[in-house]
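Scroll down for the structure; my scribbles are underneath it.
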Amino acid sequence: MPFPQAKSLYVSSLQQELLQQVAHRTTSAQRLVKRAQIILEALKGTSNTSIAQHLQIDYETVRRWRDRWHAAESRLQAIEETGKRKLLKQAIEVLLTDEQRPGAPATFTFEQFMQIMALACETPASADRPVSTWTPRELADEAVKRGIVEQISPRTVERFLKGERFAAPSQAVLAHPTSR
């Protein structure tokens with residue numbers, strides 16, 4: 001069964017210029033570059049299948065971003081008519097960014113994470129803790145005591161320090177029993 005005809009896109013010359021900037025800017029995230037390239041290829045009248053083959057990505061990915069641009073054309077045009085180039089650039093980048101995914105929001109903010117990491121860099125003695133090195137339980141208790149978080153499990157603190165959630169410091173800050 002052949003694929004349905006791809007939607008034709010409207011992109012103004014300013015929008016096209018901004019898309020090309022995203023696609024060629026060395027600091028652009030690669031996902032934004034690919035998505036800008038999809039739209040720029042679609043402007044040339046290239047089929048979704050050809051775009052997918054050329055960019056070595058999935059057909060559905062091309063279809064999704066082409067449809068998403070098509071749905072936002074009138075909003076982009078309205079922003080462009082305000083004459084605010086910077087706002088249009090931001091709107092294009094937001095359009096090319098992933099939408100919020102379903103699921104629970106993050107439990108801890110980046111600031112809380114950083115405060116817990118800073119706490120782990122202090123000595124336990126400075127916090128009047130009767131241990132020589134931090135343990136996840138001690139760090140969790142101290143973070144709650146200082147009001148950094150309302151509650152946090154020792155396992156979550158351990159994940160933070162191991163870098164499972166955010167980037168952790170390169171040296172170990174936990175007390176690890178040596179078992180030999």
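What you are looking at is a predicted structure, and each value in this text was computed from that prediction instead of being measured.
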So for atom CZ, which belongs to R137, do other residues, nucleotides or ligands contribute more than 12 heavy atoms lying within a distance under 6.0 Å?
no
For the hydrophobic clusters of this structure (ILVMFWY residues joined by side-chain heavy atoms under 4.5 Å, transitively), does one cluster hold both L95 and L88?
yes
Linking I/L/V/M/F/W/Y whenever any side-chain heavy atoms sit under 4.5 Å apart, do V144 and I148 land together?
yes
Are Q115 and R146 side-chain neighbours, meaning at least one heavy-atom pair lies under 4.5 Å?
no
Any sub-3.5 Å donor-acceptor pair from H54's side-chain atoms to S50's backbone N or O?
no
Ionic contact status for K145 with D141, cut-off 4.0 Å
no
Euclidean distance, I79 CD1 relative to K89 NZ, rounded to 0.5 Å
14.5 Å
Sub-4.5 Å side-chain heavy-atom contact between Y10 and H70:
no
Which value, rounded to the nearest 0.5 Å, describes the distance between F113 atom CZ and R159 atom CZ?
13.5 Å
Taking the side chain as every heavy atom from C-beta outward, state whether T109 and M114 have any pair of such atoms under 4.5 Å apart.
no
Ignoring hydrogens, what is the shortest heavy-atom contact between L14 and R85? Give both atom names and the distance.
CD1-NH1, 3.1 Å
Would you mind reporting whether T133 and T123 have side-chain heavy atoms less than 4.5 Å apart?
no
Here the pair of heavy atoms bringing I152 nearest to A140 is O-CB, 3.6 Å
To the nearest 0.5 Å, what is the distance between CG on L96 and CD1 on I39?
6.5 Å
Side chain to side chain contact (heavy atoms under 4.5 Å, CB included) assessment of T49 paired with Q53:
CA-CA 6 Å; T49 305; Q53 289 170 348; 3.9 Å; yes
Nearest 0.5 angstrom please: W65 CH2 to Q37 CD, how far?
14.0 Å
Polar side chain donor-acceptor pair, S12 to E80, under 3.5 angstrom
yes
Distance check, rounded to the nearest 0.5 Å: T97 atom OG1 versus I92 atom CD1?
11.5 Å
Determine the minimum heavy-atom distance between V22 and A36, stating which atoms define it.
CG1-CB, 4.1 Å
To check you understand the geometry: which heavy-atom pair defines the closest contact between A127 and W134, and what is its length?
CB-CH2, 4.0 Å
Between the side chain of S28 and the main-chain N/O of V33, is any donor-acceptor distance below 3.5 Å?
no
NZ/NE/NH1/NH2 to OD/OE distance under 4.0 Å, E93 and R35:
no
Any carboxylate oxygen within less than 4.0 angstrom of a Lys/Arg side-chain nitrogen, looking at R64 and D58?
no
Using side chain to side chain contact (heavy atoms under 4.5 Å, CB included), reason through L119 and E142 one step at a time and then give a plain yes or no.
CA-CA 8 Å; L119 175 62; E142 187 64 22; 3.7 Å; yes
Please tell me whether L76 and L87 are part of a single hydrophobic cluster in this structure, the criterion being side-chain heavy atoms less than 4.5 Å apart.
yes
Assess whether a salt bridge exists between E73 and R68, defined as any Lys/Arg side-chain N lying under 4.0 Å from an Asp/Glu carboxylate O.
no
Just do the side chain to side chain contact (heavy atoms under 4.5 Å, CB included) check on T156 and T107 with the steps written out, would you?
CA-CA 10 Å; T156 301; T107 307; over 6 Å; no
Measure the CZ-OG1 distance between R129 and T135 for me, rounded to the nearest 0.5 Å.
8.5 Å
Candidate pair E158 and L139, rule side chain to side chain contact (heavy atoms under 4.5 Å, CB included), full reasoning
CA-CA 9 Å; E158 188 175 20; L139 279 170; over 6 Å; no
How far apart are the closest heavy atoms of L19 and W69, and which atoms are they?
CD1-CH2, 3.7 Å
Is there a side-chain contact between E122 and S126, using heavy atoms and a 4.5 Å cut-off?
yes
Considering residues, nucleotides and ligands other than R25, do more than 12 of their heavy atoms fall under 6.0 Å from its CZ?
yes
